[in-house]
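A quick write-up on the structure given underneath.
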Amino acid sequence: MILRKKRTREEREARKARHIPLSKYTEGGRIATLMGLIHIFLIFLTIFASFSKRGHAGIYAGVMMLLVMISAAAGFVIGINSFKESDKFFRYSYIGTILNASIWIGILGLYMTYV
């Protein structure tokens, strides 16, 4: 049987002081990631509507994509601002920021190509 030496109170407090409480993900990162996933769903919904109307979706598809583009820019700003939170995990901040930026750039590229 192995006996462990009991830690002193000072050692326990020193260990507790070194511990960084990374217990949660950033709230802005989670919001930005959720917004990005919603944007992808809306893009696929718009493409499906355009295919079902055989390319004659009209202004509805354009307005939907324009709203998705504006909302993706807002999601990008939320994702960037989530990096200011301290002592949190940034996984969803990275995912949400990159996802919203790529959606915004992709839709902007489509508009620039056809205008």
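- Grouping the Ile, Leu, Val, Met, Phe, Trp and Tyr side chains by contacts below 4.5 angstrom, directly or via other members, places Ile59 apart from Leu110.
- Taken together through direct or relayed side-chain contacts under 4.5 Å among Ile, Leu, Val, Met, Phe, Trp and Tyr, Leu108 and Val77 form parts of separate hydrophobic clusters.
- Phe44 and Leu67 sit in two unconnected hydrophobic clusters of ILVMFWY residues. Membership requires side-chain heavy atoms under 4.5 Å apart, directly or through other members.
- Between Ile70 and Trp104, the closest side-chain pair of non-hydrogen atoms is not below 4.5 Å.
- Listed by first and then second residue, the side chain to side chain donor-acceptor pair (under 3.5 Å) pairs that reach into residues 43-56 come to none, sequence neighbours excluded.
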Are Thr97 and Thr33 close enough, and set up right, to give a side-chain contact (heavy atoms from CB on, under 4.5 Å), and what steps lead you there? CA-CA 7 Å; Thr97 303; Thr33 303; over 6 Å; no
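- Residue Leu42 is not grouped with residue Val63 when hydrophobic side chains (ILVMFWY) are merged at heavy-atom distances under 4.5 angstrom, including chains of intermediate members.
- By the side chain to side chain contact (heavy atoms under 4.5 Å, CB included) test, Leu34 pairs with Ile38, sequence neighbours left out.
- Not one N or O on the side chain of Tyr111 forms a donor-acceptor pair closer than 3.5 Å with the backbone of Gly106.
- Under a 4.5 Å side-chain heavy-atom criterion applied to ILVMFWY residues, the cluster that includes Phe48 comprises that residue alone.
- Proximity of a side-chain donor or acceptor of Asn100 to a complementary backbone N or O of Ala32 within less than 3.5 Å is detected.
- Remark: Ser71 engages His39 in a side chain to side chain donor-acceptor pair (under 3.5 Å) (not counting sequence neighbours).
- The two atoms that bring Ile103 and Ala72 nearest to each other are CG2-CB, 4.0 Å, heavy atoms only.
- Atom CZ of Arg30 and atom CZ of Arg91 lie 13.0 Å apart (nearest 0.5 Å).
- Met69 is connected to Leu45 through a chain of hydrophobic side-chain contacts under 4.5 Å among Ile, Leu, Val, Met, Phe, Trp and Tyr, so both are in one cluster.
- Applying the side chain to side chain donor-acceptor pair (under 3.5 Å) rule to Ser93 yields the partners Thr26, Ser82; only residues at least two apart in sequence or on another chain are considered.
- Note on ring orientation: taking the six-membered ring where Trp is involved, the planes of Tyr25 and Tyr92 are perpendicular (angle over 60°, cut-offs 30° and 60°).
- Listed by first and then second residue, the ring-ring contact (aromatic ring centres under 6.0 Å, His included) pairs involving residues 57-85 are Phe83-Phe90, Phe83-Tyr94 (not counting sequence neighbours).
- Summarising the geometry, atom CE belonging to Met64 is positioned 11.0 Å from atom CD1 belonging to Ile107; distances are rounded to the nearest 0.5 Å.
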